[in-house]
Amino acid sequence: EQLVTAYSMKSKLSMLDIRPENAIAWGEKAIALAKRHGSEPPADLLVTIGSARLQRSADDSANLPDALRISIERSDHRAASRAYINLADELTFHMRYDEARPYIEDGLAFLERHDLLAALHHLRAVRARWHLDQGRWVEAEQDAQQATGLDNTSRALAALAAGVSRTRRGDSSAAATLEYVARRADA
């Protein structure tokens with residue numbers, strides 16, 4: 001089981017480093033090892049592999065919704081939160097806004113219901129970008145202001161959406177907001 005955990009961690013780190021081929025390879029090794037020992041692969045691992053597949057190709061999105069369903073069935077709220085966020089983020093990145101919408105809406109409700117505040121702030125930051133990409137400046141900024149979590153990634157993503165929205169609306173505070181984002185990126 002420790003080796004499955006180690007392989008899972010290597011998979012997750014590769015996915016976070018946007019190296020989907022490595023993430024998938026390590027994840028598949030972890031799954032094979034878990035099955036060899038008669039256990040089901042952890043839901044979090046399935047989320048990682050599904051996320052890496054979606055990173056690799058916009059057309060390879062089937063695994064991540066399955067991982068979300070499994071996470072919810074197993075009451076693995078942390079894995080489910082990652083699945084909601086990654087689905088919303090990757091589908092938005094690939095400009096598949098209609099497909100991203102239910103994961104954003106259902107994800108926000110799920111995260112609120114289970115008091116997963118850090119994930120909630122991150123998904124709000126993703127929704128800010130989702131609005132921004134579609135030219136909804138006011139909604140993007142409203143979501144960005146609500147994404148006030150403690151984690152730097154969420155705050156930077158939200159501030160970036162707010163800064164770009166302000167720039168597009170001619171707001172003079174845009175420069176300071178974008179300078180903040182640049183400082184966070186260098187930190």
Side-chain angles (χ1 to χ4, degrees), residues 1-111 113-127 129-130 133 147 149-154 156-157 160 185:
E1 188 164 309
Q2 288 178 336
L3 195 53
V4 170
T5 302
Y7 287 174
S8 295
M9 183 55 67
K10 286 195 69 86
S11 177
K12 185 184 289 187
L13 291 173
S14 293
M15 188 271 299
L16 291 172
D17 199 29
I18 310 175
R19 293 182 294 132
E21 296 301 335
N22 287 356
I24 293 165
W26 282 110
E28 288 174 350
K29 285 182 184 182
I31 287 174
L33 188 59
K35 287 183 176 180
R36 219 174 317 147
H37 288 95
S39 61
E40 291 293 320
D44 195 57
L45 173 61
L46 300 176
V47 170
T48 297
I49 294 170
S51 299
R53 288 184 184 283
L54 189 52
Q55 279 179 340
R56 182 178 65 185
S57 169
D59 297 323
D60 196 359
S61 61
N63 287 46
L64 194 47
D66 289 342
L68 172 60
R69 180 186 48 76
I70 290 167
S71 299
I72 291 170
E73 287 172 358
R74 294 181 186 174
S75 296
D76 187 338
H77 299 152
R78 193 171 82 52
S81 71
R82 286 186 60 231
Y84 276 121
I85 290 168
N86 292 353
L87 277 160
D89 190 48
E90 286 296 325
L91 291 169
T92 298
F93 176 78
H94 293 297
M95 294 185 268
R96 292 164 61 180
Y97 304 114
D98 290 340
E99 291 175 66
R101 177 190 289 267
Y103 296 111
I104 292 170
E105 292 173 357
D106 295 347
L108 289 170
F110 177 88
L111 297 172
R113 191 168 49 253
H114 295 287
D115 291 323
L116 299 166
L117 298 180
L120 179 66
H121 291 299
H122 193 86
L123 189 52
R124 282 184 181 143
V126 169
R127 186 173 65 180
R129 194 181 93 218
W130 182 82
D133 285 0
L150 298 175
D151 111 65
N152 287 332
T153 304
S154 300
L157 180 59
L160 179 60

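- Smallest separation of non-hydrogen atoms from Pro20 and Gln55: CB-OE1, 4.0 Å.
- Of the N and O atoms on the side chains of Ser14 and Asn22, not one donor lies less than 3.5 Å from an acceptor on the other residue.
- Between Lys29 and Lys10, the closest side-chain pair of non-hydrogen atoms is not below 4.5 Å.
- Counting all heavy atoms, side chain and backbone alike, Ser71 lies closest to Ala80 at CB-N, 3.6 Å.
- Closest approach of Leu111 and Ser81 over heavy atoms only: CD2-CB, 3.3 Å.
- Contact check for Tyr84 versus Ile72: side-chain heavy atoms found under the 4.5 Å cut-off.
- For the pair His121 and Ala147, the tightest heavy-atom approach, listed with the atom from each and the gap, is O-CB, 3.3 Å.
- Atom CD of Glu99 sits about 10.5 Å away from atom OG1 of Thr92, to the nearest 0.5 Å.
- In plain terms, the two heavy atoms of Ala30 and Tyr7 that are nearest each other are CB-CB, 3.6 Å.
- Side-chain atoms of Arg53 and Ile24, non-hydrogen and from C-beta on, do get closer than 4.5 Å to each other.
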| field | Trace of the side-chain contact (heavy atoms from CB on, under 4.5 Å) decision for Lys12 with Asp44 | value | CA-CA 9 Å; Lys12 185 184 289 187; Asp44 195 57; 2.7 Å; yes
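- Leu116 places a side-chain heavy atom less than 4.5 Å from the side chain of Phe110.
- There is a side-chain donor-acceptor pair under 3.5 Å between Arg82 and Thr48.
- Residues Asn86 and Leu54 are not in side-chain contact: their nearest non-hydrogen atoms beyond the backbone lie 4.5 Å or more apart.
- Separating the CG atom in Leu117 from the OG atom in Ser154 is a distance of 11.5 Å, to the nearest 0.5 Å.
- More than 12 heavy atoms of other residues, nucleotides or ligands shown are found within 6.0 angstrom of CG on Asp17.
- Without hydrogens or angle criteria, His37 side chain to Leu33 main chain gives a donor-acceptor distance under 3.5 Å.
- In this structure, Ile31 and Leu45 have side chains that are in contact, with non-hydrogen atoms separated by less than 4.5 Å.
- The distance from atom CG of Leu123 to atom CD of Glu105, rounded to the nearest 0.5 Å, is 10.5 Å.
- For the pair Leu46 and Ile70, the tightest heavy-atom approach, listed with the atom from each and the gap, is CD1-CD1, 3.8 Å.
- No side-chain heavy atom of Met9 sits under 4.5 Å from any side-chain heavy atom of Trp26.
- Between Val47 and Leu68 the shortest side-chain heavy-atom distance does not fall below 4.5 Å.
- The environment of CD in Glu73 is crowded: more than 12 heavy-atom neighbours from other residues, nucleotides or ligands sit within 6.0 Å.
- With rounding to the nearest 0.5 angstrom, the CZ atom of Arg127 is 14.5 Å from the CG atom of Asp89.
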